[in-house]
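Data block below; observations after.
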Amino acid sequence: MRRPLFAGNWKMYKTLPEGLALVRGLKTALKGNDRGDVVVCPPAPLLAPLAEELKGSGIALGAQNLYFEDEGAFTGEWSCAMLKSVGATYVIIGHSERRSIFGETDGMVQKKTAKALKAGLIPIMCVGETLKEREEGETFAVLLRHVRAGLAGIPENLAAKVVIAYEPVWAIGTGKTATPAQGQEAHAFIRKEVARLYGEDLAHAMRILYGGSVKPGNVKDLVAQSDIDGALVGGASLKVEDFAAIARGGA
Ligand code: PEP
């Protein structure tokens with residue numbers, strides 16, 4: 001059985017006082033909840049103080065990005081070692097906003113994923129098609145490209161730790177959610193490709209999250225699908241009640 005994972009991507013929202021209030025609220029709201037693993041991914045400047053606040057809560061901490069070099073003259077970037085030193089255990093990689101706004105390529109996503117794994121961070125590697133790609137019948141070709149390129153050269157023992165997030169770009173922040181059937185179809189396709197690359201056992205154990213306008217009211221039907229193992233949540237992760245309801249498995 002795969003344990004569900006509910007991850008909150010705060011994007012570039014929340015100052016430190018706001019972030020502290022959010023995690024304090026989540027700690028209270030999720031006390032005793034055992035529906036799955038929970039991770040919050042705040043902006044990088046909030047990681048260290050939130051790690052303190054989250055100690056002993058059972059809620060994990062993740063970053064939204066990393067750079068694939070160990071250190072050096074890379075202004076504005078941060079390394080795996082830095083993330084680990086402030087308490088992050090997960091890292092989102094290849095989010096569509098990173099790809100479309102900051103020019104991240106499939107090759108960079110692969111390097112970041114490999115680096116995170118070597119450092120012992122759990123990558124949440126994002127894949128998914130744009131509206132144009134879906135309308136042009138390219139969805140599965142895009143998923144194949146993202147999955148193959150992102151995992152290229154990653155050995156089985158490390159690939160086993162990867163979490164994939166299927167995030168159809170047309171559903172991110174738009175209020176449009178993939179139907180449970182559309183989600184299931186994409187997730188099953190991704191799992192089949194992982195099985196082809198690494199074998200059935202690894203594919204069966206890998207967690208594949210759905211992301212794209214997940215809300216307390218739609219998460220239950222999504223995670224009821226056999227290949228949907230939780231959610232990567234943007235907007236709804238910014239409110240205690242909404243994210244807590246999602247992490248409890250929905251209404
Ligand atoms: C995301 O940012 O990964 C995301 C899925 O956003 P939203 O839930 O707001 O669509």
Side-chain angles (χ1 to χ4, degrees), residues 4-14 18-19 22 26 36-44 46-47 59-66 88 90-102 104 109 112-113 116 121-131 133-134 139 142-143 146-147 150 162-180 182-184 186-187 190 207-223 225 227-251:
L5 172 63
F6 299 95
N9 172 17
W10 293 9
K11 311 193 189 209
M12 200 175 77
Y13 291 103
K14 303 292 179 190
E18 291 166 349
L22 179 48
L26 288 174
D37 296 333
V38 178
V39 54
V40 292
C41 303
L46 276 59
L47 285 167
I59 299 174
L61 193 63
Q64 298 174 17
N65 187 26
L66 61 81
Y90 288 81
V91 57
I92 298 170
I93 292 176
H95 190 279
S96 63
E97 288 151 18
R98 300 288 323 164
R99 293 179 191 256
S100 67
I101 304 171
F102 300 101
E104 277 193 19
V109 172
K112 291 182 178 198
T113 303
L121 289 165
I122 301 172
I124 301 176
M125 191 183 88
C126 301
V127 303
E129 79 288 358
T130 62
L131 183 59
E133 287 163 341
R134 176 162 281 262
T139 296
V142 171
L143 293 181
H146 283 173
V147 171
V162 173
V163 174
I164 292 180
Y166 169 59
E167 296 211 311
V169 180
W170 48 270
I172 297 179
T174 58
K176 284 185 199 151
T177 318
T179 63
Q182 282 173 321
Q184 169 57 26
H187 282 231
I190 291 166
R207 290 191 286 194
I208 305 178
L209 313 183
Y210 170 78
S213 298
V214 172
K215 304 272 182 285
N218 61 24
V219 67
K220 197 172 182 177
D221 288 345
L222 287 161
V223 297
Q225 303 298 310
D227 286 293
I228 300 184
D229 308 314
L232 178 55
V233 186
S237 73
L238 300 172
K239 285 196 189 141
V240 172
E241 317 76 63
D242 287 354
F243 190 57
I246 289 168
R248 281 198 224 96

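Note that the numbering runs from 1 along the sequence shown for the chain. Just so you know, ligand 1 is whichever comes first in the structure, and atom 1 is the first atom listed for that ligand.
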Review point. Under 3.5 Å, is there a donor-acceptor pair between the side chain of Ser213 and the main chain of Ala171?
Key: yes
Exercise for review: Go through the side-chain N and O atoms of Trp10 and Gln64 and say whether any donor and acceptor fall under 3.5 Å apart.
Suggested key: no
Review point. Would you say the side chain of Arg207 lies within less than 4.5 Å of the side chain of Asp37, judging by non-hydrogen atoms?
Key: yes
Check your understanding: Are the side chain of Lys112 and the backbone N or O of Asn65 linked by a donor-acceptor pair below 3.5 Å?
Key -> no
Study note, to complete from the structure: Under 4.0 Å from ligand 1, residues with heavy atoms, in chain and number order, are Asn9, Lys11, His95, Glu167, Ala171, Ile172, Gly173, Gly211, Gly212, Ser213, Leu232, Val233, Gly234, Gly235
Practice item. Identify, with sequence neighbours excluded, every residue that meets side chain to side chain contact (heavy atoms under 4.5 Å, CB included) alongside Ile172. Key: Lys11, His95, Ser96, Glu97, Glu167
**Study point:** Any donor-acceptor N/O pair, Tyr90 side chain to Ile92 backbone, under 3.5 Å
**Key:** no
